[in-house]
Amino acid sequence: MTQKIDHLPDARLRLNLRQLEVFVATAREGSTRAAAARVARSQSAASAALAELEAVLGVNLFDRVGRRLLLNENGHALRAKAGALLEHAAEIESLFASEHPAPLRMAASFTIGEYLLPDLVAGWKDANPDSQVRLQIGNTTQAIEAVAGFDVDLGFIEGSQTRPDLTTQGWLSDELAIVSSPTHPLAGQVAGLRQLREADWVLRERGSGTREAADRWLLEHLGRLNVGFELGSTEAIKQFVARGVGLGCVSRYVVAEAIAQGWLVEVRTRLPKALRHLAIVTHRDKHLGRSALAFIDHCMQAARQAH
């Protein structure tokens with residue numbers, strides 16, 4: 001006896017991963033020319049793939065502004081889902097490939113990226129020797145933008161900045177310290193509010209989490225600051241301060257070794273302690289792979305052991 005099998009209606013998927021790959025690259029780069037270079041295709045092939053995708057979906061995904069392609073409302077709705085689908089596809093490929101797993105992509109503020117993550121990444125690599133790590137270091141604003149733009153999986157920030165499309169997870173506590181050179185007039189004494197108000201300062205640039213915290217702490221108690229230098233690097237601040245040009249206000253993590261070695265000293269004050277929280281940020285719509293989730297757990301375990 002034979003059984004009749006009813007044919008299902010034609011429900012073939014008309015989307016393909018190459019179209020989505022070109023779409024995500026175009027959303028990131030702002031043009032099909034740059035997107036083509038990113039996905040190793042010709043510009044004509046990239047433009048064709050994008051046109052096919054818009055035809056399949058029946059909507060425009062970008063607003064054309066001159067030579068720039070800017071995501072419209074439809075494009076924003078698709079971007080996170082397309083990125084998640086591409087990451088799932090990469091995970092499937094890795095199941096049957098002898099190649100290294102997909103790299104762990106992170107962005108961090110200078111304080112975290114230069115002083116906290118090196119030991120954590122080293123420990124991670126010891127336990128996961130095949131894992132590739134790509135770390136971008138900038139200020140907190142840049143780290144947030146990298147996460148929001150789907151350029152990285154994880155962001156490590158030191159400021160209170162946030163966005164509605166991001167999730168923030170508390171991580172470590174930090175304290176700001178005021179430092180000077182050993183020869184500075186305020187070294188070795190308890191500085192009063194007037195002395196701090198009249199001193200020259202060497203601070204991070206605006207947009208930095210450290211600058212945000214320093215302004216909030218110092219301006220609340222001093223009212224004003226004489227900022228002689230605004231620098232985009234914590235290492236540069238330490239070097240400038242060591243040469244006696246002013247006082248610095250940075251994370252205690254940043255200056256602990258320099259104070260121990262004696263080429264910077266902590267300036268004692270009557271100000272209350274300036275505590276802040278470091279955080280890990282992720283995109284609400286981004287699918288996190290196994291490596292990203294495992295690295296978050298690695299960092300949280302280290303934080304618990306530090307307490």
Side-chain angles (χ1 to χ4, degrees), residues 80 83-84 87-88 90-91 94-95 99-163 165-177 208-210 212-213 234-235 250-260 273-307:
E87 290 183 4
H88 280 302
E91 286 187 359
S94 70
L95 289 175
E99 301 174 354
H100 295 308
L104 178 60
R105 303 174 304 158
M106 303 184 293
S109 67
F110 281 104
T111 296
I112 298 173
E114 293 181 337
Y115 297 95
L116 295 176
L117 284 184
D119 284 343
L120 288 168
V121 171
W124 169 260
K125 287 288 289 182
D126 286 342
N128 303 271
D130 292 334
S131 178
Q132 301 177 42
V133 178
R134 297 177 183 171
L135 175 61
Q136 303 176 19
I137 299 178
N139 62 33
T140 287
T141 297
Q142 292 166 334
I144 287 175
E145 290 175 351
V147 176
F150 297 93
D151 294 324
V152 298
D153 306 306
L154 308 175
F156 293 81
I157 63 170
E158 56 196 83
S160 61
Q161 302 176 51
T162 187
R163 292 171 47 128
D165 51 349
L166 302 184
T167 299
T168 303
Q169 181 176 0
W171 181 35
L172 288 171
S173 295
D174 184 23
E175 181 183 357
L176 295 182
S208 155
T210 297
E212 177 191 351
T234 50
E235 281 300 308
V250 292
S251 164
R252 191 172 293 280
Y253 289 120
V254 169
V255 293
E257 185 175 353
I259 291 173
K273 286 187 176 182
L275 298 176
R276 60 178 180 165
H277 298 287
L278 310 182
I280 303 173
V281 293
T282 56
H283 201 290
R284 293 185 183 276
D285 296 326
K286 184 176 181 61
H287 164 74
L288 293 180
R290 289 171 297 184
S291 293
L293 292 172
F295 190 78
I296 291 176
D297 186 60
H298 174 68
C299 292
M300 298 306 293
Q301 286 185 26
R304 288 191 290 270
Q305 293 171 1
H307 284 86

TODO: Mind checking salt bridge (Lys or Arg N to Asp or Glu O under 4.0 Å) for Asp151 and listing every partner two or more places apart, or none if nothing turns up?
DONE: Arg28
TODO: Work out which heavy atom in Ser173 is nearest to a heavy atom in Tyr253; give both atom names and the distance.
DONE: O-OH, 3.1 Å
TODO: Count the heavy atoms of every other residue, nucleotide or ligand shown that sit under 6.0 Å from CD of Glu257, and state whether that count exceeds 12.
DONE: no
Task: side chain to side chain donor-acceptor pair (under 3.5 Å) between Glu114 and Thr234, worked out - done: CA-CA 9 Å; Glu114 293 181 337; Thr234 50; 3.1 Å; yes
Task: Heavy-atom pair with the smallest gap, counting every atom of Val255 and Ala177 - done: CG2-CB, 4.3 Å
- [ ] Measure the shortest side-chain to side-chain distance between Val281 and Thr162 over non-hydrogen atoms and say whether it is less than 4.5 angstrom.
- [x] no
Task: Closest heavy-atom pair and its distance - Leu288, Thr282 - done: CD1-CG2, 3.9 Å
Task: For Thr140 against Ser109, the heavy-atom pair lying closest together - done: OG1-CB, 3.8 Å
Task: NZ/NE/NH1/NH2 to OD/OE distance under 4.0 Å, Arg284 and Asp165 - done: no
Open item on the list: Please report the interatomic distance CD(Gln136) to CD(Glu145), rounded to the nearest 0.5 Å.
Closed with: 11.0 Å
What side-chain donor-acceptor pairs closer than 3.5 Å can you find for residues 292-300, not counting sequence neighbours?
residue : atom : partner : partner atom : Å
Asp297  : OD2  : Gln301  : NE2          : 2.8
His298  : NE2  : Leu120  : O            : 2.9

Open item on the list: Under the rule for ring pair (Phe, Tyr, Trp, His ring centres under 6.0 Å), what residues qualify as partners of His277, not counting sequence neighbours?
Closed with: none
Open item on the list: Any non-hydrogen side-chain atom of Arg276 less than 4.5 Å from a side-chain atom of Ser251?
Closed with: yes
- [ ] Determine yes or no for a side-chain-to-main-chain donor-acceptor pair under 3.5 angstrom, with Glu158 supplying the side chain and Thr210 the backbone.
- [x] yes
TODO: Enter the distance from Leu104:CG to Arg290:CZ here, rounded to the nearest 0.5 Å.
DONE: 13.0 Å
Task: Non-hydrogen atoms of Ala146 and Ala107 that approach each other most closely - done: CB-CB, 3.9 Å
Open item on the list: Could you measure the distance from the CD1 atom of Ile280 to the OG1 atom of Thr167? Nearest 0.5 Å is fine.
Closed with: 12.0 Å
Open item on the list: How long is the straight-line distance from CD1 of Ile157 back to OG1 of Thr111, given to the nearest 0.5 Å?
Closed with: 12.5 Å
Open item on the list: Within this structure, what is the CG-NZ distance for the pair Leu154 and Lys286, rounded to the nearest 0.5 Å?
Closed with: 9.0 Å
- [ ] With the side chain counted from C-beta on, respond yes when Val152 and Met106 share a heavy-atom pair under 4.5 Å apart, and no when they do not.
- [x] no
Open item on the list: Contact between Leu278 and Leu116 at the side-chain level, heavy atoms closer than 4.5 Å - yes or no?
Closed with: yes
TODO: Measure from the side-chain N and O atoms of Gln142 to the backbone N and O of Asn139, and report whether any donor-acceptor pair falls under 3.5 Å.
DONE: yes
TODO: Identify the heavy atoms of Ala148 and His283 that sit nearest to each other, and give their distance.
DONE: O-CD2, 3.7 Å
Task: From CD1 (Ile112) to CG (Asp174), nearest 0.5 Å - done: 8.0 Å
